Number of protein chains: 2
Amino acid sequence: MVARESIRPGGRSARVQASVHAAVRRLLEVQDRSELTIPQIAAAAGVTPSTIYRRWGDLADLLADVAVERLRPDCDPADTGSTRGDLEAWFAQYVDEMSSAPGRAMTRDVLAGTSGPRNAGQCVAFTRQQLQVICDRATGRGEAALDLDALVDHVVAPIVFRILFDEVPPSDAFWRSLLDRCLRAPVAA
Amino acid sequence: MVARESIRPGGRSARVQASVHAAVRRLLEVQDRSELTIPQIAAAAGVTPSTIYRRWGDLADLLADVAVERLRPDCDPADTGSTRGDLEAWFAQYVDEMSSAPGRAMTRDVLAGTSGPRNAGQCVAFTRQQLQVICDRATGRGEAALDLDALVDHVVAPIVFRILFDEVPPSDAFWRSLLDRCLRAPVAA
DNA sequence: GACATAAAAGCAAATAATATGCGTTAGACT
DNA sequence: AGTCTAACGCATATTATTTGCTTTTATGTC
């Protein structure tokens, strides 16, 4: 089962969803996710457990849903005046956010849900959208065109790979060198 | 809770572990993992559910444990005579295995367990070990030294990223171009 | 504005999974 | 052989999940 796609804003469904999401976020700050249960979330959100079971199916799917919502960017990348600056600023905050303990947990949650592919696809779409804005801006300035796919494959992917599979989070120097290398060899056809 | 590290081979613990792992593998072929339950696995393995709960904690951890075991390489990379050939052969089978439905599921399982970092770390260690063998072989032949980290960051990572986050599995052309690019610019200091 | 409709939530009871105390057994070590 | 310990089985208690049915709430129609 999966969360409904289109929910009228302001309706009862939306309110329930909001309070459940809020309850999850609140509880996750206080306790470990291995202790988290659906009845507990239901109580904290002021709804019946069966409501959650019917809408989200199980805990993994609910957590995935919450994580996707939290990973959704809320504004465009900062405009620093230069493409390089835009990219550096964006990746700095991206790495910072993603390699934090909650960030790692959210990424895992997104992948763990029953509909892992769907949720994960949405997340990478967010990332691409953000980078696309920077790419478009570069083109608008008349600078050399950026290769979005190269950025994803050679900067984003190694960063996320490290976050998911390595104990130590990616260092500042690490992602900067990835970005350097990518910008230096833009279209290695 | 986590599976014990060192278990004497041939002991009762080892037998229980083997039969539980086998039961999980067997059941996963027949039915969806969302239907899979611990009592069911216990019955199929001929043990008591409490045994599984005590040893593995929960289903996610058990699945992670099984997945790590299945991802453990059972032999060295094939020796094709050339480094390039070794890499191509190895990546061909790696991508094939990892992007299959069971492969994707296993990768997700590894990340989903309570001790995600530990298990994931083990998997990337397997990969590095395999690639290290190829690197050593290259050095032995007197060829140019390969950059293991570059292979992981710029070939393995984009492949795994695609498998985890994209709906469509990485194409043959995709990983070949990654490998090409990596071999052409080996030490881009 | 009252009324019908449908989707979603609440409630409560039934079922299933998970946790745990305690006795038993298998293997390790002397 | 005898002892010791870790792990298992069994039975029981607790907790989570599912489900049928009722009630609520928002929406669209007259």
Side-chain angles (χ1 to χ4, degrees), chain A residues 1-24 26-28 30-66 69 109 112-115, chain B residues 1-24 26-28 30-66 69 109 112-115:
Chain A
M1 190 182 294
V2 111
R4 299 246 356 259
E5 296 299 326
S6 61
I7 295 171
R8 328 261 171 148
R12 183 170 53 156
S13 285
R15 282 201 304 278
V16 168
Q17 169 164 345
S19 63
V20 169
H21 277 217
V24 170
R26 200 158 359 106
L27 288 171
L28 276 181
V30 177
Q31 64 183 346
D32 202 61
R33 70 193 339 79
S34 61
E35 312 280 314
L36 201 62
T37 67
I38 287 192
Q40 188 186 21
I41 294 166
V47 301
T48 302
S50 65
T51 296
I52 296 183
Y53 286 115
R54 279 201 247 252
R55 272 187 63 163
W56 283 278
D58 65 7
L59 186 59
D61 283 343
L62 171 55
L63 289 177
D65 194 41
V66 172
E69 224 40 54
D109 288 343
T114 307
S115 50
Chain B
M1 188 184 295
V2 109
R4 301 242 357 259
E5 298 299 327
S6 61
I7 294 171
R8 330 262 169 151
R12 185 170 50 156
S13 285
R15 280 201 304 279
V16 168
Q17 169 163 349
S19 62
V20 169
H21 277 216
V24 170
R26 202 157 358 104
L27 289 171
L28 276 182
V30 178
Q31 65 182 351
D32 201 60
R33 73 195 333 83
S34 60
E35 314 280 312
L36 200 63
T37 66
I38 288 191
Q40 189 186 22
I41 294 166
V47 301
T48 302
S50 65
T51 296
I52 296 182
Y53 288 115
R54 279 199 250 250
R55 273 187 65 162
W56 284 278
D58 64 7
L59 186 59
D61 283 344
L62 172 55
L63 289 177
D65 193 41
V66 172
E69 225 39 55
D109 288 344
T114 307
S115 51

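The sequence lines fix the lettering, A, B, ..., with proteins before strands; numbering per chain opens at 1. Computed from a predicted model, the values in this text were never measured in an experiment.
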Exercise for review: Applying side-chain contact (heavy atoms from CB on, under 4.5 Å) between A/I41 and each of A/L63, A/V66, A/L36, report the one that passes.
Suggested key: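 Answer to the side-chain contact (heavy atoms from CB on, under 4.5 Å) test with A/I41 among A/L63, A/V66, A/L36: A/L36.
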Let me know the distance between [atom1] of [X] and [atom2] of [N], rounded to the nearest Å.
{"X": "B/Y53", "N": "C/dT20", "atom1": "OH", "atom2": "C1'", "value": "13 Å"}
{"X": "B/D58", "N": "C/dA19", "atom1": "CG", "atom2": "P", "value": "8 Å"}
{"X": "B/I52", "N": "D/dA7", "atom1": "CD1", "atom2": "C1'", "value": "14 Å"}
{"X": "B/W56", "N": "C/dA19", "atom1": "CH2", "atom2": "C1'", "value": "17 Å"}

If I compare all heavy atoms of [X] with all of [Y], which pair ends up nearest, and what's the gap?
{"X": "B/D58", "Y": "B/I38", "answer": "C-CD1, 3.9 Å"}
{"X": "B/A60", "Y": "B/A112", "answer": "CB-O, 4.3 Å"}
{"X": "A/D65", "Y": "A/W56", "answer": "OD2-NE1, 2.9 Å"}

Check your understanding: Judged by atom type as modelled, is there a donor-acceptor pair below 3.5 Å linking the side chain of A/D61 to the main-chain atoms of A/T114?
Key ->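 It does hold such a pair.
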**Study point:** Within residues 33-41 of chain A, residues whose heavy atoms come under 4.0 Å of DNA chain D
**Key:**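 Listed by number, they are A/T37, A/I38, A/P39.
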Review point. Partners of B/A22 by side-chain contact (heavy atoms from CB on, under 4.5 Å), sequence neighbours excluded?
Key: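 B/A22 satisfies side-chain contact (heavy atoms from CB on, under 4.5 Å) with B/R25, B/R26 once adjacent residues are dropped.
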Point to revise | side-chain contact (heavy atoms from CB on, under 4.5 Å) against A/A42, all qualifying residues, sequence neighbours excluded | key: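 Partners of A/A42 under the side-chain contact (heavy atoms from CB on, under 4.5 Å) test: A/V47, A/P49, A/I52.
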Check your understanding: How long is the span from the CZ atom in A/R54 to the OG atom in A/S50, to the nearest 0.5 Å?
Key ->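 A/R54 CZ to A/S50 OG: 5.0 Å, rounded to 0.5 Å.
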Point to revise | OG1-CD distance between A/T51 and A/Q17, expressed to the nearest 0.5 angstrom | key: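 Going from OG1 on A/T51 over to CD on A/Q17, the span is 13.0 Å.
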**Study point:** Estimated bend of the helix from C/dG1-D/dC30 to C/dT30-D/dA1 (axis per five terminal pairs, rounded to 10 degrees)
**Key:**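 Terminal axis comparison yields 40°.
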Point to revise | Sequence neighbours excluded, every pair satisfying side chain to side chain donor-acceptor pair (under 3.5 Å) that has a member inside residues 30-48 of chain B | key: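 Sorted pair list: B/Q31-B/Q40, B/D32-B/S34, B/R33-B/D109.
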Which atom pairs link the protein and nucleotides 8-11 of chain D when you take only N or O atoms and keep those under 3.5 Å?
residue	atom	partner	partner atom	Å
D/dC8	OP1	B/R55	NH1	2.7
D/dG9	OP2	B/T48	N	3.1
D/dG9	OP2	B/T51	OG1	2.4
D/dG9	O5'	B/T48	OG1	3.3
D/dG9	O6	B/R54	NH2	2.8
D/dC10	N4	B/S50	OG	3.2

